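Some notes on the structure that comes next.
Source: prediction; values computed, not measured.
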Amino acid sequence: MTVKNGKVYTAIVLQGGGALGAYEYGVLKALYEQRPGFRPVAVAGISIGAITAAVLGGVKGDPTRALDTLWRKKLTVESPLPVVGLPEQIDQSLAVFGNPGMYRLNGALFTAPWTLNSIYDTAPLRQTLTELVDPEVLNDEETRVFVGATNIGTGEIEFFDSSRPDGLTFEHVAASGSLPPGFPMTQIEGASYWDGGLFSNTPLSPAINALEEAAKDDPSAVLELIVVELFPMNAPIPSNMQDVLQRMVQLQYTSRLQLDKTFFDKIGQLVDLLAEVDEELPKGSAIRKSPTYKKMLAHRKINHFNVVTSSFPPKLSNASDFSCASIDARIQAGYDDAIAQGIGHIDAPGLRYGITSAESELATARV
(Lines give C-alpha, C1' and ligand atoms only; values in the text may rest on other atoms or scores of the structure.)
Protein backbone atom coordinates (compact mmCIF):
# COMPACT_ATOMS: atom_id res chain seq x y z
CA MET A 1 0.00 0.00 0.00
CA THR A 2 1.31 3.44 -0.90
CA VAL A 3 0.31 6.46 1.16
CA LYS A 4 0.42 9.76 -0.70
CA ASN A 5 -1.13 12.50 1.37
CA GLY A 6 -1.71 10.98 4.78
CA LYS A 7 -0.04 10.47 8.11
CA VAL A 8 0.49 7.07 9.66
CA TYR A 9 -0.66 6.65 13.25
CA THR A 10 0.87 3.64 15.02
CA ALA A 11 -0.14 1.86 18.22
CA ILE A 12 1.89 -0.94 19.77
CA VAL A 13 0.54 -3.88 21.80
CA LEU A 14 2.85 -5.79 24.14
CA GLN A 15 1.93 -9.10 25.77
CA GLY A 16 2.93 -10.36 29.18
CA GLY A 17 5.37 -13.24 29.45
CA GLY A 18 8.03 -12.66 32.11
CA ALA A 19 11.58 -12.99 30.81
CA LEU A 20 10.21 -13.61 27.30
CA GLY A 21 9.51 -9.87 27.20
CA ALA A 22 13.14 -9.30 26.17
CA TYR A 23 11.94 -10.32 22.71
CA GLU A 24 9.63 -7.28 22.72
CA TYR A 25 12.59 -5.01 23.36
CA GLY A 26 14.37 -6.56 20.36
CA VAL A 27 11.36 -5.80 18.14
CA LEU A 28 11.15 -2.22 19.44
CA LYS A 29 14.89 -1.72 18.96
CA ALA A 30 14.53 -2.66 15.29
CA LEU A 31 11.42 -0.50 14.91
CA TYR A 32 13.08 2.63 16.26
CA GLU A 33 16.28 2.04 14.31
CA GLN A 34 14.44 1.55 11.04
CA ARG A 35 12.14 4.54 11.50
CA PRO A 36 14.13 7.65 12.48
CA GLY A 37 12.03 10.02 14.56
CA PHE A 38 9.40 7.36 15.20
CA ARG A 39 6.99 7.79 18.07
CA PRO A 40 3.78 5.78 18.48
CA VAL A 41 0.53 7.46 19.44
CA ALA A 42 -0.12 4.70 21.98
CA VAL A 43 1.44 1.64 23.55
CA ALA A 44 -0.61 -0.88 25.54
CA GLY A 45 0.94 -3.56 27.68
CA ILE A 46 0.14 -6.37 30.07
CA SER A 47 2.45 -7.58 32.86
CA ILE A 48 6.05 -7.46 31.59
CA GLY A 49 4.64 -5.71 28.52
CA ALA A 50 3.25 -3.03 30.85
CA ILE A 51 6.71 -2.47 32.34
CA THR A 52 8.23 -2.16 28.88
CA ALA A 53 5.37 0.14 27.81
CA ALA A 54 5.88 2.40 30.84
CA VAL A 55 9.58 2.78 30.07
CA LEU A 56 8.94 3.26 26.34
CA GLY A 57 6.33 5.96 26.89
CA GLY A 58 7.73 7.51 30.05
CA VAL A 59 11.42 8.09 29.48
CA LYS A 60 12.75 11.61 28.89
CA GLY A 61 15.56 10.58 26.58
CA ASP A 62 16.18 7.81 24.07
CA PRO A 63 13.58 5.06 24.66
CA THR A 64 15.72 2.28 23.24
CA ARG A 65 18.63 3.21 25.48
CA ALA A 66 16.32 3.11 28.50
CA LEU A 67 14.91 -0.25 27.40
CA ASP A 68 18.43 -1.58 27.01
CA THR A 69 19.16 -0.53 30.59
CA LEU A 70 15.92 -2.16 31.74
CA TRP A 71 16.65 -5.50 30.16
CA ARG A 72 20.42 -5.86 30.24
CA LYS A 73 21.12 -4.20 33.59
CA LYS A 74 17.97 -4.19 35.69
CA LEU A 75 16.17 -7.43 34.82
CA THR A 76 19.08 -9.71 33.97
CA VAL A 77 19.96 -12.04 36.85
CA GLU A 78 23.57 -13.01 37.42
CA SER A 79 25.27 -15.05 40.14
CA PRO A 80 26.17 -12.90 43.18
CA LEU A 81 29.25 -15.05 43.65
CA PRO A 82 32.44 -14.81 41.58
CA VAL A 83 31.71 -18.15 39.93
CA VAL A 84 32.87 -18.69 36.38
CA GLY A 85 31.08 -21.14 34.13
CA LEU A 86 27.97 -22.03 36.11
CA PRO A 87 26.09 -25.01 34.65
CA GLU A 88 23.44 -23.71 32.23
CA GLN A 89 20.55 -25.21 34.18
CA ILE A 90 21.63 -23.46 37.38
CA ASP A 91 22.31 -20.17 35.59
CA GLN A 92 18.81 -20.22 34.10
CA SER A 93 17.24 -20.90 37.51
CA LEU A 94 18.88 -18.14 39.57
CA ALA A 95 15.83 -15.88 39.25
CA VAL A 96 13.91 -18.21 41.58
CA PHE A 97 15.80 -16.48 44.41
CA GLY A 98 14.81 -13.03 43.17
CA ASN A 99 15.41 -10.45 40.47
CA PRO A 100 17.15 -7.26 41.64
CA GLY A 101 15.20 -5.10 39.21
CA MET A 102 11.76 -6.62 39.75
CA TYR A 103 11.15 -8.82 42.80
CA ARG A 104 12.72 -10.29 45.93
CA LEU A 105 11.80 -13.12 48.29
CA ASN A 106 9.02 -12.23 50.69
CA GLY A 107 10.56 -11.79 54.15
CA ALA A 108 7.62 -13.60 55.74
CA LEU A 109 8.88 -16.82 54.14
CA PHE A 110 11.39 -17.00 56.96
CA THR A 111 9.38 -15.49 59.81
CA ALA A 112 5.66 -16.22 59.35
CA PRO A 113 5.11 -18.36 56.25
CA TRP A 114 1.53 -19.15 57.31
CA THR A 115 0.60 -15.51 56.63
CA LEU A 116 1.83 -15.47 53.03
CA ASN A 117 -0.26 -14.66 49.99
CA SER A 118 2.78 -14.42 47.69
CA ILE A 119 6.29 -15.80 47.40
CA TYR A 120 7.91 -12.49 46.44
CA ASP A 121 7.36 -8.78 46.90
CA THR A 122 7.77 -6.26 44.09
CA ALA A 123 9.52 -3.36 45.83
CA PRO A 124 12.49 -3.64 43.41
CA LEU A 125 10.15 -3.04 40.45
CA ARG A 126 8.97 0.25 41.91
CA GLN A 127 12.59 1.31 42.38
CA THR A 128 13.41 0.38 38.77
CA LEU A 129 10.46 2.41 37.49
CA THR A 130 11.51 5.37 39.65
CA GLU A 131 14.98 5.30 38.09
CA LEU A 132 13.89 4.93 34.47
CA VAL A 133 10.48 6.59 34.12
CA ASP A 134 9.52 10.25 34.46
CA PRO A 135 5.88 10.45 35.68
CA GLU A 136 5.28 13.69 33.76
CA VAL A 137 6.42 12.16 30.48
CA LEU A 138 4.46 8.98 31.26
CA ASN A 139 1.30 11.06 31.49
CA ASP A 140 1.81 13.47 28.62
CA GLU A 141 -0.17 13.15 25.41
CA GLU A 142 2.72 12.36 23.07
CA THR A 143 2.46 8.62 23.58
CA ARG A 144 -0.49 7.34 25.58
CA VAL A 145 0.42 4.38 27.77
CA PHE A 146 -2.20 1.82 28.78
CA VAL A 147 -1.68 -1.01 31.26
CA GLY A 148 -4.22 -3.69 32.12
CA ALA A 149 -4.83 -5.45 35.43
CA THR A 150 -7.45 -7.93 36.63
CA ASN A 151 -9.76 -6.73 39.38
CA ILE A 152 -9.79 -9.70 41.76
CA GLY A 153 -13.18 -8.82 43.23
CA THR A 154 -15.07 -8.37 39.97
CA GLY A 155 -13.08 -10.74 37.75
CA GLU A 156 -12.91 -8.04 35.06
CA ILE A 157 -9.90 -6.46 33.40
CA GLU A 158 -9.39 -2.73 33.87
CA PHE A 159 -7.16 -0.51 31.78
CA PHE A 160 -5.36 2.43 33.31
CA ASP A 161 -3.88 5.43 31.49
CA SER A 162 -3.24 9.16 31.88
CA SER A 163 -6.95 10.00 31.59
CA ARG A 164 -7.44 9.08 35.27
CA PRO A 165 -7.61 12.01 37.74
CA ASP A 166 -4.24 11.06 39.25
CA GLY A 167 -2.83 9.86 35.93
CA LEU A 168 -1.01 6.60 35.33
CA THR A 169 1.14 5.63 38.32
CA PHE A 170 3.78 3.03 39.08
CA GLU A 171 1.18 1.21 41.19
CA HIS A 172 -0.91 0.64 38.06
CA VAL A 173 2.14 -0.81 36.30
CA ALA A 174 2.87 -3.04 39.30
CA ALA A 175 -0.76 -4.18 39.38
CA SER A 176 -0.56 -5.27 35.74
CA GLY A 177 2.33 -7.60 36.63
CA SER A 178 1.00 -8.95 39.94
CA LEU A 179 0.91 -12.59 38.83
CA PRO A 180 -0.13 -14.93 41.67
CA PRO A 181 1.03 -16.80 43.60
CA GLY A 182 4.51 -15.41 42.90
CA PHE A 183 3.65 -11.73 43.28
CA PRO A 184 1.28 -10.06 45.76
CA MET A 185 -1.96 -8.41 44.77
CA THR A 186 -1.73 -4.64 44.35
CA GLN A 187 -4.14 -2.31 46.13
CA ILE A 188 -5.45 0.69 44.17
CA GLU A 189 -8.20 2.95 45.51
CA GLY A 190 -9.64 0.21 47.70
CA ALA A 191 -9.63 -2.49 45.01
CA SER A 192 -7.24 -5.44 44.70
CA TYR A 193 -5.58 -6.39 41.42
CA TRP A 194 -3.69 -9.29 39.91
CA ASP A 195 -1.89 -9.66 36.59
CA GLY A 196 -3.91 -8.53 33.57
CA GLY A 197 -2.85 -11.65 31.67
CA LEU A 198 -5.19 -13.73 33.84
CA PHE A 199 -8.05 -12.12 31.91
CA SER A 200 -6.55 -11.09 28.56
CA ASN A 201 -2.90 -11.07 27.59
CA THR A 202 -3.25 -8.98 24.42
CA PRO A 203 -4.68 -5.49 25.09
CA LEU A 204 -6.00 -4.72 21.60
CA SER A 205 -9.02 -2.67 22.66
CA PRO A 206 -7.28 0.35 24.27
CA ALA A 207 -4.73 0.48 21.44
CA ILE A 208 -7.46 0.51 18.77
CA ASN A 209 -9.47 3.11 20.68
CA ALA A 210 -6.41 5.36 20.97
CA LEU A 211 -5.77 5.09 17.22
CA GLU A 212 -9.34 6.12 16.46
CA GLU A 213 -9.15 9.09 18.81
CA ALA A 214 -5.80 10.24 17.44
CA ALA A 215 -6.97 10.16 13.83
CA LYS A 216 -10.57 11.34 14.25
CA ASP A 217 -9.89 14.75 12.68
CA ASP A 218 -7.64 13.41 9.93
CA PRO A 219 -9.70 11.55 7.28
CA SER A 220 -6.58 10.81 5.23
CA ALA A 221 -4.78 9.15 8.15
CA VAL A 222 -3.55 5.58 7.91
CA LEU A 223 -3.90 3.50 11.07
CA GLU A 224 -1.32 0.86 11.91
CA LEU A 225 -1.37 -1.67 14.76
CA ILE A 226 1.78 -3.58 15.73
CA VAL A 227 1.35 -6.57 18.05
CA VAL A 228 4.24 -8.51 19.55
CA GLU A 229 3.22 -12.06 20.43
CA LEU A 230 5.32 -13.91 22.99
CA PHE A 231 3.20 -17.06 22.94
CA PRO A 232 2.71 -18.57 19.47
CA MET A 233 -0.52 -20.25 18.42
CA ASN A 234 1.37 -22.98 16.57
CA ALA A 235 3.80 -25.28 18.35
CA PRO A 236 4.97 -28.93 18.24
CA ILE A 237 2.89 -31.56 20.03
CA PRO A 238 4.35 -32.07 23.56
CA SER A 239 6.46 -35.19 24.01
CA ASN A 240 7.16 -35.05 27.77
CA MET A 241 5.81 -33.48 30.96
CA GLN A 242 7.98 -30.36 30.66
CA ASP A 243 6.67 -29.80 27.13
CA VAL A 244 3.09 -30.36 28.35
CA LEU A 245 3.42 -27.67 31.04
CA GLN A 246 5.07 -25.29 28.58
CA ARG A 247 2.31 -25.73 26.01
CA MET A 248 -0.37 -25.21 28.67
CA VAL A 249 1.12 -21.81 29.49
CA GLN A 250 1.37 -20.91 25.80
CA LEU A 251 -2.28 -21.71 25.17
CA GLN A 252 -3.39 -19.84 28.29
CA TYR A 253 -1.65 -16.62 27.33
CA THR A 254 -1.72 -16.63 23.53
CA SER A 255 -3.76 -13.88 21.88
CA ARG A 256 -5.84 -16.08 19.54
CA LEU A 257 -5.58 -13.40 16.87
CA GLN A 258 -6.07 -15.97 14.14
CA LEU A 259 -9.44 -16.87 15.62
CA ASP A 260 -10.52 -13.22 15.57
CA LYS A 261 -9.41 -12.48 11.99
CA THR A 262 -12.78 -13.35 10.40
CA PHE A 263 -14.65 -11.18 12.89
CA PHE A 264 -12.28 -8.25 12.33
CA ASP A 265 -12.71 -8.55 8.57
CA LYS A 266 -16.49 -8.38 8.94
CA ILE A 267 -16.22 -5.26 11.09
CA GLY A 268 -13.96 -3.68 8.48
CA GLN A 269 -16.53 -4.34 5.77
CA LEU A 270 -19.19 -2.64 7.90
CA VAL A 271 -16.96 0.41 8.38
CA ASP A 272 -16.47 0.66 4.61
CA LEU A 273 -20.19 0.21 4.01
CA LEU A 274 -21.06 2.98 6.49
CA ALA A 275 -18.70 5.33 4.68
CA GLU A 276 -20.48 4.57 1.39
CA VAL A 277 -23.89 5.06 3.00
CA ASP A 278 -22.78 8.41 4.39
CA GLU A 279 -21.77 9.52 0.91
CA GLU A 280 -25.19 8.68 -0.50
CA LEU A 281 -27.31 9.81 2.45
CA PRO A 282 -29.12 13.15 1.86
CA LYS A 283 -27.72 15.98 3.97
CA GLY A 284 -31.11 16.64 5.52
CA SER A 285 -31.77 13.03 6.49
CA ALA A 286 -32.93 12.50 10.09
CA ILE A 287 -30.58 9.54 10.31
CA ARG A 288 -27.63 11.94 10.42
CA LYS A 289 -28.91 13.25 13.75
CA SER A 290 -29.01 9.81 15.31
CA PRO A 291 -26.42 9.45 18.15
CA THR A 292 -25.97 5.81 17.19
CA TYR A 293 -25.28 6.71 13.57
CA LYS A 294 -22.77 9.38 14.59
CA LYS A 295 -21.04 6.94 16.91
CA MET A 296 -20.84 4.21 14.29
CA LEU A 297 -19.64 6.63 11.63
CA ALA A 298 -16.77 7.71 13.88
CA HIS A 299 -15.27 4.23 13.83
CA ARG A 300 -12.13 3.73 11.75
CA LYS A 301 -10.61 0.56 10.45
CA ILE A 302 -7.03 -0.50 10.96
CA ASN A 303 -5.31 -0.28 7.58
CA HIS A 304 -2.27 -2.31 8.55
CA PHE A 305 -2.00 -4.98 11.21
CA ASN A 306 1.47 -6.36 11.82
CA VAL A 307 1.96 -9.29 14.19
CA VAL A 308 5.52 -10.19 15.11
CA THR A 309 5.39 -13.66 16.66
CA SER A 310 8.17 -15.31 18.61
CA SER A 311 9.28 -18.86 17.83
CA PHE A 312 11.64 -19.62 20.67
CA PRO A 313 13.48 -22.92 20.84
CA PRO A 314 12.67 -24.88 24.03
CA LYS A 315 15.79 -23.61 25.85
CA LEU A 316 14.56 -20.00 25.52
CA SER A 317 10.88 -20.65 26.30
CA ASN A 318 11.15 -20.51 30.09
CA ALA A 319 9.47 -17.28 31.19
CA SER A 320 11.32 -17.34 34.53
CA ASP A 321 14.78 -17.56 32.96
CA PHE A 322 16.37 -14.13 33.31
CA SER A 323 19.92 -15.32 32.70
CA CYS A 324 22.20 -13.04 30.71
CA ALA A 325 22.62 -15.47 27.82
CA SER A 326 18.88 -16.09 27.47
CA ILE A 327 17.95 -12.40 27.68
CA ASP A 328 20.52 -11.53 25.01
CA ALA A 329 19.31 -14.33 22.75
CA ARG A 330 15.67 -13.23 23.03
CA ILE A 331 16.55 -9.60 22.30
CA GLN A 332 18.44 -10.68 19.21
CA ALA A 333 15.59 -12.95 18.12
CA GLY A 334 13.07 -10.10 18.36
CA TYR A 335 15.37 -7.77 16.48
CA ASP A 336 16.04 -10.30 13.71
CA ASP A 337 12.37 -11.22 13.30
CA ALA A 338 11.32 -7.57 13.07
CA ILE A 339 13.99 -6.79 10.47
CA ALA A 340 13.08 -9.92 8.48
CA GLN A 341 9.46 -8.77 8.39
CA GLY A 342 10.44 -5.37 7.02
CA ILE A 343 9.21 -3.46 10.05
CA GLY A 344 11.02 -0.31 8.97
CA HIS A 345 9.82 -0.19 5.36
CA ILE A 346 8.27 3.15 4.40
CA ASP A 347 5.96 3.27 1.39
CA ALA A 348 5.98 7.04 0.90
CA PRO A 349 8.51 9.80 1.52
CA GLY A 350 7.86 12.37 4.20
CA LEU A 351 5.70 10.21 6.46
CA ARG A 352 6.38 10.57 10.16
CA TYR A 353 5.69 6.89 10.74
CA GLY A 354 6.46 4.04 8.39
CA ILE A 355 4.33 1.20 7.14
CA THR A 356 5.62 -2.34 7.45
CA SER A 357 5.74 -4.50 4.37
CA ALA A 358 4.99 -7.80 6.11
CA GLU A 359 1.66 -6.90 7.65
CA SER A 360 -1.64 -8.74 7.58
CA GLU A 361 -4.55 -6.71 6.26
CA LEU A 362 -6.93 -6.24 9.14
CA ALA A 363 -10.03 -4.08 9.11
CA THR A 364 -11.52 -3.43 12.51
CA ALA A 365 -13.31 -0.84 14.56
CA ARG A 366 -13.51 -0.22 18.27
CA VAL A 367 -13.81 -3.43 20.30
Side-chain angles (χ1 to χ4, degrees), residues 1 3 5-15 21 24-45 49-71 129 132-147 159-163 167-168 173 203-204 206-218 220-228 300 302-308 331 334-335 338-339 341-359:
M1 176 177 179
V3 181
N5 298 308
K7 177 180 177 182
V8 179
Y9 294 83
T10 304
I12 300 170
V13 175
L14 303 173
Q15 288 188 338
E24 294 175 327
Y25 163 47
V27 173
L28 293 170
K29 184 176 182 339
L31 180 62
Y32 275 75
E33 283 185 4
Q34 296 294 308
R35 303 188 188 185
F38 172 79
R39 187 158 190 174
V41 298
V43 55
I51 298 171
T52 297
V55 174
L56 180 67
V59 65
K60 274 187 174 180
D62 182 355
T64 56
R65 181 175 299 178
L67 288 174
D68 197 79
T69 298
L70 173 70
W71 279 101
L129 292 171
L132 295 178
V133 178
D134 184 318
E136 290 187 5
V137 178
L138 181 65
N139 285 287
D140 67 23
E141 295 301 316
E142 291 295 321
T143 295
R144 293 183 64 186
V145 178
F146 298 84
V147 300
F159 290 104
F160 306 108
D161 74 312
S162 60
S163 65
L168 184 64
V173 179
L204 290 174
I208 292 172
N209 293 347
L211 282 176
E212 286 190 339
E213 292 175 15
K216 63 182 179 181
D217 296 323
D218 186 356
S220 65
V222 174
L223 276 55
E224 176 192 34
L225 188 65
I226 297 176
V227 180
V228 185
R300 302 284 296 271
I302 305 302
N303 304 98
H304 292 272
F305 186 55
N306 186 20
V307 181
V308 182
I331 293 172
Y335 183 89
I339 293 295
Q341 291 194 26
I343 204 162
H345 180 66
I346 298 177
D347 293 279
L351 289 176
R352 180 174 299 178
Y353 308 125
I355 290 289
T356 56
S357 60
E359 77 279 4

Check your understanding: Where is the tightest heavy-atom contact between L223 and A215, given as atom of each residue plus distance?
Key -> CD1-CB, 3.6 Å

Point to revise | Nearest heavy atoms of A207 and L225, plus distance in Å | key: CB-CD1, 3.8 Å

Exercise for review: For salt bridge (charged side-chain N to carboxylate O under 4.0 Å, His left out), just list the numbers for K29 and E33, CA-CA rounded to whole Å, side-chain angles, deciding distance to a tenth of an Å, and then say yes or no.
Suggested key: CA-CA 6 Å; K29 184 176 182 339; E33 283 185 4; 2.7 Å; yes

Check your understanding: T143 side chain to P40 main-chain N or O, any donor-acceptor pair under 3.5 Å?
Key -> yes

Check your understanding: Taking side chain as C-beta onward, heavy atoms only, is V13 less than 4.5 Å from L204?
Key -> yes

Review point. Closest heavy-atom contact between V173 and V147?
Key: N-CG2, 4.2 Å

Revision key, fill the gap. When every non-hydrogen atom of V222 is compared with those of N303, the smallest separation belongs to CA-OD1, 3.4 Å

Point to revise | Minimum heavy-atom distance between F146 and A42, given as atom pair plus value | key: CE1-CB, 4.1 Å

Practice item. Tell me, please, which residues at least two apart from F160 pass ring pair (Phe, Tyr, Trp, His ring centres under 6.0 Å). Key: H172, Y193

Exercise for review: Please check if the side chain of E24 supplies one atom and the backbone of Q15 the other of a donor-acceptor pair under 3.5 Å.
Suggested key: yes

Point to revise | Flag side-chain contact, heavy atom, 4.5 Å: I12 against L28 | key: yes

Revision key, fill the gap. In terms of heavy-atom contacts, L138 and V145 come closest through CD1-CG2, 4.0 Å

Revision key, fill the gap. Taken to the nearest 0.5 Å, the spacing of I302 CD1 from I226 CD1 works out to 11.5 Å

Check your understanding: Is R35 close to T10 at the side-chain level, that is, under 4.5 Å between some pair of heavy atoms?
Key -> yes

Study note, to complete from the structure: So CG of L132 and CZ of R65: to nearest 0.5 Å the spacing works out to 13.0 Å

Exercise for review: Indicate yes or no: at least one non-hydrogen side-chain atom of I331 is less than 4.5 angstrom from one of W71.
Suggested key: yes

Review point. Side chains of V59 and V137: closer than 4.5 Å at any heavy-atom pair?
Key: no

Review point. Do F38 and L31 come close enough that some side-chain heavy atom pair is under 4.5 Å?
Key: yes

Revision key, fill the gap. Here the gap from E141 atom CD to S163 atom OG, rounded to the nearest 0.5 Å, amounts to 8.5 Å

Review point. Rounded to the nearest 0.5 Å, how far does CD1 of I208 lie from CD of E213?
Key: 12.5 Å

